[in-house]
Amino acid sequence: MTLKHRQIRKLLIANRGEIAVRVERACRELGIRSVAVYSDTDRTCLHVLMADEAFPLHGVTATETYLAQDKIIEIAKKAGVDAIHPGYGFLSENPVFAERLRNEGIIFVGPHPQAIRTLGDKTAARKLAAKLGIPTAAGTPEPLKDDAQALHFAEQLGFPVLLKAAAGGGGKGMRVVSSREEVSANLRTAKSEAKSAFGDDRVYMEKYIQDPKHVEIQILADEHGNTVYLGERECSIQRRHQKVIEESPSPIMNPEMRRTMGESAVRLAKEAGYTNAGTIEFLVDKERHFYFLEVNTRLQVEHPVTECVTGIDLVMQQIAIAEGRELTLRQETIQPHGHSVQCRIYAEDPANDFFPSTGTLREYRLPQGPRVRVDNGFKPGDEISVYYDPLLAKVITWADTRTDAVKSMERALKEFVVSGVETTIPFCLSVLSHQAFLDGSFTTRFVDEHFTPNRLGTADTEEEATAALAASLIWNRRPKFSTNGQTGSPGKQRSNWKDLRKETYRQ
């Protein structure tokens, strides 16, 4: 059956945390009812309380919950939803899941399954980019079969090499290998991470490009043959190959380079028959030569910086495209303005090699004020567990100039108070004050080359940050609620989660 030109009245978000809240907010503005799903440890989290309906996944691990296709589809049918938005991570780039939804008559807010297979699979995407003449880093044409094959290709390419998950992104299943002795152990680790994060343990290898910039192009494509690019994002501040600070535009970009990379991204998307939102990622060397890296066939964590400089709501665009609507945007009318910076606030200890930090959020006070946006998924009293990605929130600032956007970010981070877990706030502050960041000369090796734990001492003290925040508390009191009971089913049945939601938001 065709899914075109169907109005979405009810949408399930197959995710958690800040991205689930982000999609719920878009649904509310569009008049779409939102349905949340949650694991046992997430039952009182913000995305559950903000949804119009919520259903338990009955489990704790990602495999038992947010990766459990059967459970999610059963809930979607029970709730009578028209569509599912996968967010990012989990099932967002899984073509089997997208195909199953189409067979069930449920709209997948994302690309068609075949486009995910072509571009979401990193090895297939590399082949297509090479066919179109887009520069790519040297690498294996297919996923690696075993240790012997991995060692053979590594020696052919020359160390260092990079192992990467074929079915996902976000730094999961990625390992730099510097010698033949490291191949076997790193391949096992990469495959294990990929399996855990994406349900697919395929891993491929490519030559590791030294000291690059990581720059990506945001695209939107509809069912009617229209594809546009919305400028670029600079994503080079990373730890363990995962982004921490992003911005738009990139400090190294000029109009000609932006046009060339943007047109390459559009050409790749069109060749693959791609629709919905997507991101084409590139590495840029010191001579400003760019190389195709991969395609993320989903919404990106860093999408807010593009929204801030373009004024385009990407989630609303995703939903409109999924309904079969034609893009009203045209390339010549997209004129980004100003500068935007995003800092990811992870529950990690930057003084201890960014080791994940678990515990209860005792104090959790979000920044406010001019030119500040916070995409957040938690509240005081929530438990941060070992089972999921440790991203708590994203702080986004924007201004007419990069300098002013950075100043606003520094102020916002000093207002953000968290106790109960360690966070990356001190790390972000140290980066923002570093000369390599300020002058734009940083690369993906910033952490290796410039960051040491003693730099964390350059930030203001916790007492100063707390005092600065005293006049701008987000939560005027902690919610008092019972966590007993189960989530309700569709219809008129009253459920305990509605009581939790009312208690949390009552002023």
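We number each residue from 1, following the sequence as shown.
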Quick check: do [X] and [Y] have side-chain heavy atoms less than 4.5 Å from each other?
{"X": "Thr424", "Y": "Tyr346", "answer": "yes"}
{"X": "Asp211", "Y": "Lys286", "answer": "yes"}
{"X": "Val301", "Y": "Arg344", "answer": "yes"}
{"X": "Leu162", "Y": "Val177", "answer": "no"}
{"X": "Val244", "Y": "Cys428", "answer": "yes"}
{"X": "Pro141", "Y": "Arg126", "answer": "no"}
{"X": "Tyr274", "Y": "Pro111", "answer": "yes"}

Exercise. Run the side chain to side chain contact (heavy atoms under 4.5 Å, CB included) check on Lys164 and Met205 step by step: do they pass?
Worked result: CA-CA 6 Å; Lys164 299 179 67 176; Met205 180 184 293; over 6 Å; no
Which atom pair, heavy atoms only, marks the closest approach of [X] to [Y]?
{"X": "Val176", "Y": "Asn186", "answer": "O-OD1, 4.2 Å"}
{"X": "Leu119", "Y": "Ala269", "answer": "CD1-CA, 4.5 Å"}
{"X": "Gln242", "Y": "Asp389", "answer": "NE2-OD2, 3.7 Å"}
{"X": "Leu299", "Y": "Leu314", "answer": "CD1-CB, 4.0 Å"}
{"X": "Thr297", "Y": "Ala115", "answer": "CG2-O, 4.4 Å"}
{"X": "Leu366", "Y": "Phe416", "answer": "CD2-CZ, 3.5 Å"}

Less than 4.0 Å between a side-chain N and a carboxylate O, is that true for [Y] and [X]?
{"X": "Lys394", "Y": "Glu302", "result": "no"}
{"X": "Arg180", "Y": "Asp147", "result": "no"}
{"X": "Arg411", "Y": "Glu415", "result": "yes"}
{"X": "Glu281", "Y": "Lys122", "result": "no"}
{"X": "Arg258", "Y": "Glu263", "result": "no"}
{"X": "Glu142", "Y": "Lys127", "result": "yes"}
{"X": "Glu256", "Y": "Arg288", "result": "no"}
{"X": "Lys172", "Y": "Glu193", "result": "no"}
{"X": "Arg402", "Y": "Asp404", "result": "no"}

Spacing of [X] atom [atom1] and [Y] atom [atom2] [to the nearest 0.5 Å]:
{"X": "Arg298", "Y": "Asn94", "atom1": "CZ", "atom2": "CG", "result": "13.0 Å"}
{"X": "Asp375", "Y": "Glu307", "atom1": "CG", "atom2": "CD", "result": "8.0 Å"}
{"X": "Thr123", "Y": "Arg202", "atom1": "OG1", "atom2": "CZ", "result": "6.0 Å"}
{"X": "Lys270", "Y": "Thr227", "atom1": "NZ", "atom2": "OG1", "result": "4.0 Å"}
{"X": "Glu247", "Y": "Phe437", "atom1": "CD", "atom2": "CZ", "result": "4.5 Å"}
{"X": "Gln342", "Y": "Arg373", "atom1": "CD", "atom2": "CZ", "result": "8.0 Å"}

Exercise. Do the two ring centres, one from Phe427 and one from Phe354, sit under 6.0 Å apart?
Worked result: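 Yes, the ring of Phe427 comes within the 6.0 Å limit of the ring of Phe354, centre to centre.
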Exercise. Can you list the residues that meet the side-chain contact (heavy atoms from CB on, under 4.5 Å) rule with His289, with sequence neighbours excluded?
Worked result: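 Per chain and number, His289 pairs via side-chain contact (heavy atoms from CB on, under 4.5 Å) with Asp285, Glu287, Tyr291.
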Can you tell me if [X] uses its side chain to pair, donor with acceptor, with the backbone of [Y] under 3.5 Å?
{"X": "Ser248", "Y": "Thr306", "result": "no"}
{"X": "Arg267", "Y": "Leu132", "result": "yes"}
{"X": "Asp382", "Y": "Leu361", "result": "no"}

Taking atom types as modelled and ignoring hydrogens, do the side chains of [X] and [Y] form a donor-acceptor contact shorter than 3.5 angstrom?
{"X": "Glu383", "Y": "Ser385", "answer": "no"}
{"X": "Glu234", "Y": "Ser250", "answer": "yes"}
{"X": "Glu24", "Y": "His47", "answer": "no"}

For this session: Let me know which of Leu413, Val417, Val395, Leu392 forms a side-chain contact (heavy atoms from CB on, under 4.5 Å) with Ile425.
Result: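 Looking at Leu413, Val417, Val395, Leu392, the match for Ile425 under the side-chain contact (heavy atoms from CB on, under 4.5 Å) is Leu413.
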Exercise. Quick one: which of Glu216, Arg233, Glu232 gives a side-chain hydrogen bond (donor to acceptor under 3.5 Å, both in side chains) with Thr279?
Worked result: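 Single side-chain hydrogen bond (donor to acceptor under 3.5 Å, both in side chains) partner of Thr279 among Glu216, Arg233, Glu232: Arg233.
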For this session: Under the side chain to side chain donor-acceptor pair (under 3.5 Å) rule, what do His303 and Arg22 come out as? Steps first, then yes or no, please.
Result: CA-CA 11 Å; His303 76 274; Arg22 168 71 182 91; 3.3 Å; yes
Exercise. Would Tyr387 and Asp42 satisfy side chain to side chain donor-acceptor pair (under 3.5 Å), going step by step from the backbone distance to the final call?
Worked result: CA-CA 11 Å; Tyr387 298 109; Asp42 284 345; over 6 Å; no
For this session: Apply side chain to side chain donor-acceptor pair (under 3.5 Å) to the pair Arg188 and Ser184, showing each step before the final yes or no.
Result: CA-CA 6 Å; Arg188 285 196 303 273; Ser184 181; 2.9 Å; yes
For this session: Test side chain to side chain donor-acceptor pair (under 3.5 Å) on Thr41 and Ser39 and set out the steps.
Result: CA-CA 5 Å; Thr41 57; Ser39 68; 3.2 Å; yes
Exercise. Between Asp439 and Phe442, is a side chain to side chain contact (heavy atoms under 4.5 Å, CB included) present by the stated rule, with each step listed?
Worked result: CA-CA 8 Å; Asp439 65 22; Phe442 59 93; 5.9 Å; no
Exercise. Parallel, tilted or perpendicular: which fits the ring planes of His450 and Phe446, with parallel below 30° and perpendicular above 60°?
Worked result: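 The arrangement is tilted - the two ring planes meet at 30° to 60°.
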For this session: Measure the acute angle between the ring planes of Phe90 and Tyr388, then classify it against the limits of 30° and 60° as parallel, tilted or perpendicular.
Result: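 Perpendicular, since the angle between the ring planes exceeds 60°.
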For this session: Report the C-alpha distance between Lys195 and Asp200 in whole Å, list the side-chain angles of each, state the deciding distance to 0.1 Å, and finish with yes or no for side chain to side chain contact (heavy atoms under 4.5 Å, CB included).
Result: CA-CA 5 Å; Lys195 181 68 174 179; Asp200 187 332; over 6 Å; no
